[in-house]
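If you read the sequence from its start, that first residue is 1, and numbering goes on from there.
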Amino acid sequence: EVKDASMLYAVAPVSSNSEGDSDTNTGSVIPDVSDNSSAIVNASIKKAAQSKAPAAVGPKKEGTVRIGAIIKTGAVGSGIAAADLANAVQNALGQHVKGTKVEIVPIEAKLSTAQAEEARQKECDYVLQATASHKKGGGGFGGFGKMLSSVAPVMGVGGVAGHIAASTIITAASLSGSMKNKDEVTLDLAVSPAGGTNQVLAQQFKAKAKGDGDDIISAVVEQAAAAIVHSVGK
């Protein structure tokens with residue numbers, strides 16, 4: 001408690017902290033955050049680099065048929081992001097072949113020569129090339145959707161493919177909420193031996209929504225997975 005203004009300003013200044021710089025006008029201590037700032041920046045750079053690194057794949061198990069998946073998108077109707085569609089297909093393929101001899105891993109390289117080398121490094125027996133498309137039930141592909149598909153990155157998983165949100169995994173089930181009645185998903189698929197050109201499977205699969213929210217991505221991927229296992233997983 002003070003009796004007048006002169007006594008208010010007579011308060012002694014706070015002493016300087018040896019670990020920070022003192023503000024001589026207010027007596028408050030300004031901490032030295034240069035070290036902390038550098039640590040935060042370095043951690044952010046490291047995290048960004050890790051998020052762009054190819055997905056790690058362990059050694060192939062004996063008796064396993066490993067397929068490297070390269071998934072692209074064709075035309076995509078409005079309401080569905082092309083990259084999300086590719087990611088959902090990639091993830092669904094991996095889920096549907098579980099419990100079989102077939103294992104699906106992502107190929108994330110963009111150039112064909114680099115894709116071949118990545119498939120070799122990941123011990124792939126086959127390479128799967130797939131193009132997923134989405135058609136609106138109202139007839140035709142939305143103009144906005146076409147724009148999205150033209151700029152969407154090619155997946156390699158996750159990805160499965162070249163574009164996967166850092167904190168979100170896109171699945172067929174999570175994307176089904178964007179599907180509307182009579183929407184259609186098409187998956188054009190070709191499987192060839194790694195390093196070869198002779199196709200062991202070349203087929204188109206389709207599924208049409210019977211109502212809003214119908215999971216037609218899982219439906220079309222289930223067909224494709226069954227054909228893949230039948231062709232190379234015996």
Taking the side chain from [X] and the backbone from [Y], do they hold a donor-acceptor pair closer than 3.5 Å?
| X | Y | value |
| --- | --- | --- |
| His96 | Ala225 | no |
| Asn87 | Ala83 | yes |
| Lys122 | Pro106 | yes |
| Glu118 | Glu108 | yes |
| Asn181 | Gly211 | yes |
| Asp84 | Ala81 | no |
| Ser231 | Ala227 | yes |

Set out, in order, the CA-CA distance, both residues' side-chain angles and the distance that settles side-chain contact (heavy atoms from CB on, under 4.5 Å) for Glu184 and His134, then state yes or no. CA-CA 6 Å; Glu184 186 175 270; His134 165 242; over 6 Å; no
Tabulate below the donor-acceptor pairs under 3.5 Å that side-chain atoms of residues 186-206 make, not counting sequence neighbours, or state none.
{"residue": "Asp188", "atom": "OD1", "partner": "Gln204", "partner atom": "NE2", "Å": "2.7"}

Apply side-chain contact (heavy atoms from CB on, under 4.5 Å) to the pair Val89 and Val185, showing each step before the final yes or no. CA-CA 10 Å; Val89 169; Val185 169; 5.6 Å; no
Nearest heavy-atom pair of Ala207 and Ala219: which atoms, and what distance?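 What the structure gives for the nearest pair is CB-CB, 4.0 Å.
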For a quick test of reading the model, state the closest non-hydrogen atom pair linking Asp125 to Thr64 and the distance between them.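 Between these two residues, the closest heavy atoms are OD2-O, 3.6 Å.
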What do the steps show when you test Ile70 against Leu128 for side-chain contact (heavy atoms from CB on, under 4.5 Å), and what is the final call? CA-CA 6 Å; Ile70 302 168; Leu128 178 155; over 6 Å; no
Determine, stepwise, if the pair Val229 / Lys101 fulfils side-chain contact (heavy atoms from CB on, under 4.5 Å). CA-CA 8 Å; Val229 173; Lys101 291 183 178 181; over 6 Å; no
Rounded to the nearest 0.5 Å, what's the gap from CG on Asp214 to OG on Ser176? Could you check?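 One finds 8.0 Å between CG of Asp214 and OG of Ser176.
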When you look at NZ of Lys208, are more than 12 heavy atoms from neighbouring residues, nucleotides or ligands closer to it than 6.0 Å?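 No, because the 6.0 Å sphere around NZ of Lys208 holds 12 heavy atoms or fewer from other groups.
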